[in-house]
Every structure is written in structure tokens, then in C-alpha cells.
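Accompanying notes for the structure given below.
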Amino acid sequence: MTTFALVDCNSFYASVERIFRPDLKNKPVLVLSNNDACCVAKSRECRALGIKTGDPLFKIQHLVNAHKITVFSSNYTLYADISARVMHTLESFSPRVEIYSIDECFMHLDGCKDLEQYARKIRDTVLQYTGIPVSVGMAPTKTLAKLANHAAKKYPQTGGVVDLTNSSRQKRLCELVPVKDVWGVGRRIGKRLENMGIRTALQLAQMDLKVVRQKFSIVLERTVRELNEESCIELEETPATRRQVICSRSFGSKMTEQGPMREAIAEFTTRGAEKLRKEKLRACVISVFIRTSPHANRSQYSKTATGRLIQASSDSRDFLHLAGKLFEQIWKEGYHYAKAGIILTEICPENQMQLSLLEPPKDSAASDRLMQTIDKINQTTNGKVQFGSQREEQDWFMNRTHLSPSYTTRWEDLPVAK
DNA sequence: TCTGGGGTCCTAGGACCC
DNA sequence: TCTGGGGTCCTAGGACCC
């Protein structure tokens, strides 16, 4: 039988920050979202204080002060680099892995004789090579492996490793786990299940498949099957090409004027096109959206406009032109805007383009050369070549008050050994 | 005062066609 | 006056994930 392992980094962002700040060992550490708005990661010590992922900073500020919590703005460049090192280490333990997220990796451990011992070796090696503590859960399906991992984190006496290949162990754990902690059961469905009297993972596992399908969806049916050792979610070793690119931000302060908003949209559009080029993709469709804050007591407005290019492109100018027109369609004076962004869809690899029947194919060679040149210059000079509609001064840009140095990706920030 | 950003998949309902 | 049934495609919104 197939065995899935899920390796998950413990408090990943907080652990990364601690690699370079050994003085923070066993001290509470918190990492904030973009804009320093809310908590996205916290060390065990913070969890013990009752801080939850998603808590806005202003609501927990008193705890931060009272317990001298060290706070970091998120430093995604640093986290991505450390993540790559962790994943690289894991790849030496199995030929079949799926990098599931920045801090999680599913692996096949078929044919392994002593699973628990092997898992401990994985743990020790990752810690030694990267400084990041991980937990390992093993089971016949991904959903059960997630559950095993959950237990490995929750119960310290497991030493961070839980082998859930045995059915009776599965049952005993499922009895203890609240239904909302099952992978695939979120807040909404968790509530609905509880209203039906389904409170534990075991009760969910014992539900009638037909009822689940009828009252919920095929997605939850798969979850139930997976809890019963029937593997429905395969390992995805080669990542599918992405379906969309989103570039959006909440603003540091509310936006009320059209000019700065137009420039913000141009900035997102440029970033989006850059992402396409970096991954050798093109897109056909762009959506532009602006919206007020759903948390504010002022009048609300939220609008999206979508437009299509005749031919898929990754040329910033094509999208800037279209995005400008779309923006004019949705802009409405008199609101306090909190967030805006663009979404690129109908994406294809740059070498597999669908040509238009009606329009002669556009020769993109010149455009490609220009964009390549711009990207190259911007890579080495930190964004010096801009388009007319972008603006140099980005006063709406993020608050990142507590940013750590880019220890591993900027020469100036290399840590110095004393 | 202050509530992230980036993704995926599924479903329901409307438009339209025969 | 009467106003079907079956199908496709598209979109908005819901739900989940990290």
C-alpha cells in the first residue's frame, strides 16, 4: 500500500526569522502580513498567549507590549530562499515529492521498512542543514497524512513524528480531532456539520457518502473517502501551469483620488506582466478591480471590469493600455478605497499560443526583445525603467516597519560571524 | 486609526440554442 | 390562451487552501 508523508515546517516564518536571531530562541516571535496588518505566523510561545493566525495587530498590540514579543514584517524573499533549501534537502529522501506550499511537502515513502525511524532521520537532517524544525505525518492518504502531521505538532511527546498507517490508530486520533481541523473542512462547512451533530473527524468519516454528496459537494465526499483510507487526491509531482496571476494590495492609507489609483493599477499591471514573462507565459484577459473596506462603516463600492486582448501577450504595454480603459469604466468618485488589483487569466505557455482567426498574427519578436531588455535592466538596478503611467513616488505602498535583513539574498545583508 | 495576498475548484443560475 | 426539455457556455460567488 502507498504511504504518503507530509512534512510541514513548524511556525515556518517565525522559525526562519529565528535562524538569524538565535537570541530569540524560546522567545515569542510574530510575523505580520503585508502592510503590517495582521498576524500570519507565530512561534509556540505566542500561541500559548492565545494569539491566532489572522488576528489584526491592533487587537493584540497589548499582548505584544506586555510580553515583549518580537515582531517582524514579512520578508518573503528570505522565506522563499530558505524554503528552497528545505525542499532540496527533502528531495534527497524520496524520488517522488510534491512541493505543496512554501512550508509543506508531500512525499511518497513506498517500500520504506521502518517509517518512523526514516521520518526521524528526515527531521534531524532538515534541522541540521537548514535550522528549520519540521513535523512529519505518515498515512495511506493525503488527508490522513495531514491529520497525522497535525497530531505530530500538537502532541510534543510524539517528537514531531506520527505514523498513522495503522487503522485503529487512525480511529483513535479521529475521535480526538474536531471536525473543523480536518483538511478540506473550513469555517463554513465546519459550522454546518456541527449543526448536524457532526463534531469529530471520526463522525465525519462515518457519514453516509450519498448524504455528503447531496448536502455538501463532491469535494467533501472525497475528504470522507480519504478519512477511510481510500486515496482520492494524488501526488502532483509536476506542477500544472498556473491559471491566473493576481497582483493586488490593500493600501497603507485609504485612497480617494483617481490619479494615484490609476498609477497603482498601472503598477499592478506592470508587475503582473513581469510575472508572466518570468514564467514564460502569456495571457489574453485582464480584470481590474477596486473596492472599499468591508470593515469600514462608510458606504461600500466594489467593481470589477474585464477586457480581452486580440492575441495573448506578455507585453506590459498591451495590458497597461487595456487596464487604463477598464479602470476608467469602474472608477467612481467619492469613496474611500481600501484595495485594488488586477487579475490575468486565460494563460498559456509562450510557445503554445492560439492565433486569432480574424486578425493577422502579430509578430511579437520586437516586443519580446524590448521586454527582455527592460526586465534585465530592472533586475540589476532595482526597478529603474518604468512606463509613463507608473509613478516613481509610491506613497500608497506597503508599511513594512519591522522588516528583517535579506540575510541570504543581498550581499549587504549577509550576516557577519563575530 | 489599524483586518494580507495569492491561489484552486465547484456550483448555481442566466443566456442562448435547437 | 398555451410557454417543454435538454444541452452548452459563461460568470459570479462560495468555499477551501497556505
Side-chain angles (χ1 to χ4, degrees), chain A residues 6-13 30-41 51-62 64 71-76 79-80 83 98-106 142-143 146 149-150 179-193 212-223 232-233 236 239-254 268 271-272 275 279 285 287 289 291-298 302-306 308 336 338-347 397-401:
Chain A
L6 174 63
V7 181
D8 190 323
C9 302
N10 301 350
S11 311
F12 182 54
Y13 299 166
L30 202 114
V31 181
L32 300 172
S33 64
N34 282 335
N35 256 327
D36 293 344
C38 53
C39 166
V40 288
I51 296 174
K52 291 194 225 39
T53 297
D55 282 349
L57 180 58
F58 74 92
K59 275 193 185 161
I60 52 173
Q61 189 66 54
H62 63 286
V64 170
V71 174
F72 291 96
S73 302
S74 36
N75 187 344
Y76 286 103
Y79 308 151
S83 170
E98 171 189 347
I99 297 170
Y100 178 69
S101 75
I102 194 161
D103 72 332
E104 285 171 78
C105 183
F106 283 106
K142 279 182 162 182
T143 303
K146 270 268 185 190
N149 193 288
H150 179 81
V179 74
K180 64 172 175 26
D181 290 350
V182 173
W183 190 44
V185 177
R187 240 193 17 252
R188 298 292 177 89
I189 289 177
K191 263 266 156 54
R192 279 177 62 195
L193 286 168
V212 174
R213 178 77 179 86
Q214 197 199 338
K215 294 210 162 147
F216 295 88
S217 68
I218 195 167
V219 183
L220 194 66
E221 183 187 337
R222 273 199 289 262
T223 300
C232 303
I233 310 171
E236 281 169 37
T241 41
R242 63 151 96 223
R243 314 290 305 271
Q244 55 181 221
V245 168
I246 301 182
C247 286
S248 70
R249 282 289 178 281
S250 296
F251 302 119
S253 52
K254 297 284 174 281
F268 300 141
R271 292 282 98 82
K275 265 193 216 175
E279 299 180 28
V285 171
S287 300
F289 69 89
R291 81 155 90 108
T292 53
S293 165
H295 307 291
N297 286 325
R298 298 199 188 90
S302 167
K303 191 91 178 164
T304 306
T306 301
R308 169 181 296 273
H336 290 71
K339 183 173 180 174
I342 63 105
I343 306 174
L344 301 170
T345 48
E346 297 198 15
I347 288 177
F397 212 65
M398 287 192 285
N399 300 323
R400 293 174 90 187
T401 315

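Lettering of chains follows the sequences in order, A, B, ..., and the numbering in each one begins at 1. Heavy atoms only: backbone and side chains are in, while hydrogens, waters and symmetry mates are out.
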Between atom CD in A/Gln61 and atom C1' in B/dC2, what is the gap in whole Å? 10 Å

Side-chain N or O of A/Lys146 less than 4.0 angstrom from OP1 or OP2 on C/dC18? yes

Name the closest nucleotide to the A/Arg249 side chain, picking from B/dG5, B/dG4, C/dC18. B/dG5

Phosphate-side-chain proximity, A/Lys339 and B/dT3, N/O vs OP1/OP2 below 4.0 Å: no

A/Leu6 pairs by side-chain contact (heavy atoms from CB on, under 4.5 Å) with which of A/Trp183, A/Tyr100, A/Phe106? A/Phe106

C1' atom, B/dC17 versus C/dG4: distance in rounded Å? 14 Å

Send over the distance from A/Glu221 CD to C/dC16 C1', rounded to a whole Å. 17 Å

Residue set satisfying salt bridge (charged side-chain N to carboxylate O under 4.0 Å, His left out) with A/Asp55, at least two apart, ordered chain then number -> none

So does A/Ser248 get a side-chain nitrogen or oxygen closer than 4.0 Å to the phosphate oxygens (OP1/OP2) of B/dG6? yes

Does A/Phe216 offer a backbone N or O that forms a donor-acceptor pair with the side chain of A/Arg192 under 3.5 Å? no

For B/dG7, does either OP1 or OP2 sit under 4.0 Å from a side-chain N or O belonging to A/Arg242? yes

Quick one: A/Leu193 CG to C/dC16 P, roughly how many Å, whole number? 10 Å

Could you work out, with side-chain hydrogen bond (donor to acceptor under 3.5 Å, both in side chains) as the rule, every residue matching A/Asp181, not counting sequence neighbours? none

Give one of base, sugar-phosphate or nothing for A/Asp103, where a contact means two heavy atoms less than 4.0 Å apart. sugar-phosphate

Distance check needed: B/dC2 P versus A/His336 NE2, whole Å only. 10 Å

Can you list everything that forms a side-chain hydrogen bond (donor to acceptor under 3.5 Å, both in side chains) with A/Gln244? Sequence neighbours excluded, please. none

Distances for protein N or O near nucleotides 10-15 of chain B N or O, under 3.5 Å:
none

Taking A/Glu104 first and then A/Lys146, would you say they form a salt bridge - that is, a charged N and a carboxylate O separated by under 4.0 Å? yes

Could you state the CZ-P distance from A/Phe12 to C/dC17, rounded to the nearest angstrom? 21 Å

Once you apply a heavy-atom cut-off of 4.0 Å, does A/Leu32 come out as touching a base, just sugar-phosphate, or nothing? nothing

Parallel, tilted or perpendicular: ring planes of A/Tyr13 versus A/Tyr79, cut at 30 and 60 degrees: parallel

Using a 4.0 Å heavy-atom cut-off, does A/Val31 contact any base of the nucleic acid, only the sugar-phosphate backbone, or nothing at all? nothing

Nearest whole angstrom, please: distance from the P of B/dT1 to the NZ of A/Lys254. 12 Å

Rounded distance (Å) that lies between atom P of B/dG4 and atom CD1 of A/Ile102: 19 Å

Would you mind reading off the distance between A/Asp36 atom CG and B/dG4 atom P, rounded to a whole angstrom? 12 Å

Toward the 5' end of DNA chain B, which comes first, A/Arg243 or A/Cys38, by nearest nucleotide? A/Cys38

Sorted by chain and residue number, the side chain to side chain contact (heavy atoms under 4.5 Å, CB included) partners of A/Val219 (sequence neighbours excluded) come out as A/Ser217, A/Arg222

The residue, A/Val245 or A/Leu57, whose nearest nucleotide of DNA chain B is more 5′ is A/Leu57

For Watson-Crick and G-U wobble pairs within 3.5 Å on both distances, what is DNA chain C written in dot-bracket notation, | included for inter-strand pairing? ....||||||||||||||

Output yes when a side-chain donor or acceptor of A/Ser83 lies under 3.5 Å from a complementary backbone atom of A/Ile102, and no otherwise. yes

Which atom names give the shortest non-hydrogen contact between A/Leu30 and A/Cys39, and what distance separates them? CG-SG, 4.2 Å

